[in-house]
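So the structure is just underneath, and the comments pick up after that.
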Amino acid sequence: MSTHIGAAKGEIAEKVLLPGDPLRAKYIAENFLTDIHLYNEIRNAFGYTGLYKGEKVSIQSSGMGIPSISIYVNELIQSYDVQTLIRVGTAGGLGANVKIRDVVLGQAASTDSSIVTNTFGPGINFAPVADYGLLSRAAELAEADKINYHVGNVLGEDRFYNDEIDMKKLIDYGVLATEMETPALYLLAAKYKRRALSILTISNHLVTGEETTAEERQTSFNDMINLALQV
Ligand SMILES: O=P(O)(O)O[C@H]1O[C@H](CO)[C@@H](O)[C@H]1O
Ligand SMILES: O=c1cc[nH]c(=O)[nH]1
C-alpha cells in the first residue's frame, strides 16, 4: 500500500482511468466493468479494478486540482508501476465552436500553476503534452463513433473561481477548455516515461454560461467513458 492508496501490489491494473470525482469512479466501475473490486477507500478516493472486454483496468479517483492528482499519479506510478493513465474529467468550454457535452482531447496543457517552473526553473516553460499514440487512437475512435470532439490545448488552472482569467486571449490563442489537473498528469508522465491522455467533457461553458447538473457530471458523459476504455 502507498500513503493514499490502500491496495496491495497487483491489485491495480497497468491501465488506469482517472476521474476527479470519486462517485464518477464508482459509476464507471459499476456500469462499464465486470468483476469489480474496490481496492481503495482512503479519503473516499474510490479506486476499483475490474474487467473491460476481458482486460484488467482500474479506475482511480484523483480529486480536484493539481496537488491532489499529483499525489495519486505519483503513487500509481511509483508504488504500483502503472503504465497508462487516462484522465476522464469535466471542463469548462471556451471557444464558440466548443459546445456543452462535447468531448475535448487534451493535446497539450497550459497552466498558471507553478509546477512547471518548480520542475524546470525559470528558464524553460516546458509544454506538457499527451502521449501521441493514445491521442491519435482516441481521435480515430471519436471520429468512427461520430462523437462531437475537439483536439487541442487545454488550460489546467489552479483556481476554479478565477476572476483574473483572460478568456479572450485564451480563445484567441486556440485554448479549448479549462480544467484543473492535466498539466500535472502530463508532466509526471513525461518524468516517469508513462503514457497519459486527458479526455474531457464540456460540463459548462465559460462564455455562454450554460451548464450541466451535478448528477450529470457524476453519472453520465458516457461518450468520454467509452472512448477512454476503448483507447
Ligand atoms: O470533473 P473532474 O474530473 O473533477 O474535473 C473538473 O471538475 C473539478 C471542478 O469542478 C476539477 O477537478 C476540474 O478539473
Ligand atoms: O475546472 C473546471 C471544470 C469544469 N468547468 C470549469 O469551468 N472549470
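Both ligands and their constituent atoms are indexed starting at 1 by order of listing. Heavy-atom basis, side chains included; hydrogens, waters and symmetry copies ignored.
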Just wondering, do H37 and E11 contact through their side chains at under 4.5 Å, heavy atoms?
yes
Please state which protein non-hydrogen atom is closest to [atom] and give its distance, to 0.1 Å?
atom	answer
atom 14 (O) of ligand 1	E181 OE1, 2.5 Å
atom 9 (C) of ligand 1	F160 CD1, 3.6 Å
atom 4 (O) of ligand 1	G20 CA, 3.4 Å
atom 5 (N) of ligand 2	N204 OD1, 2.7 Å
atom 7 (O) of ligand 1	T90 OG1, 3.2 Å

Check E179 with R87, please: is the shortest side-chain N to carboxylate O separation under 4.0 Å?
yes
Are E55 and K15 ion-paired here, with the side-chain N under 4.0 Å from a carboxylate O?
yes
G89: numbered ligand 1 atoms lying under 4.0 Å from its heavy atoms
3 (O)
Could you tell me which atoms of ligand 1, counted from 1 in the order shown, lie closer than 4.0 angstrom to a heavy atom of E179?
14 (O)
Ligand-residue contact atoms, ligand 2 with [X], heavy atoms, under 4.0 Å:
X	result
E179	1 (O), 2 (C)
M180	1 (O)
L206	7 (O)
S203	4 (C), 5 (N)

Heavy atom under 4.0 Å from ligand 2: found in T178's side chain, backbone, both, or neither?
both
[X] to [Y] - nearest heavy-atom pair and separation:
X	Y	value
T208	H205	OG1-CB, 3.1 Å
L94	I171	O-CD1, 3.3 Å
H4	I71	ND1-CG2, 3.2 Å

With respect to G92, determine whether any N or O atom, backbone or side chain, lies less than 3.5 Å from an N or O atom of ligand 2.
yes
For atom 5 (O) of ligand 1, state which one of M64, M180, R87, E157 supplies the nearest heavy atom.
R87
Heavy atoms from other residues, nucleotides or ligands near CZ of R159 exceed 12 (cutoff 6.0 Å):
yes
Should the heavy atoms of other residues, nucleotides or ligands under 6.0 Å from OH of Y132 be counted, would the total exceed 12?
no
Side-chain donor-acceptor contact under 3.5 Å, E143 with Y149:
yes
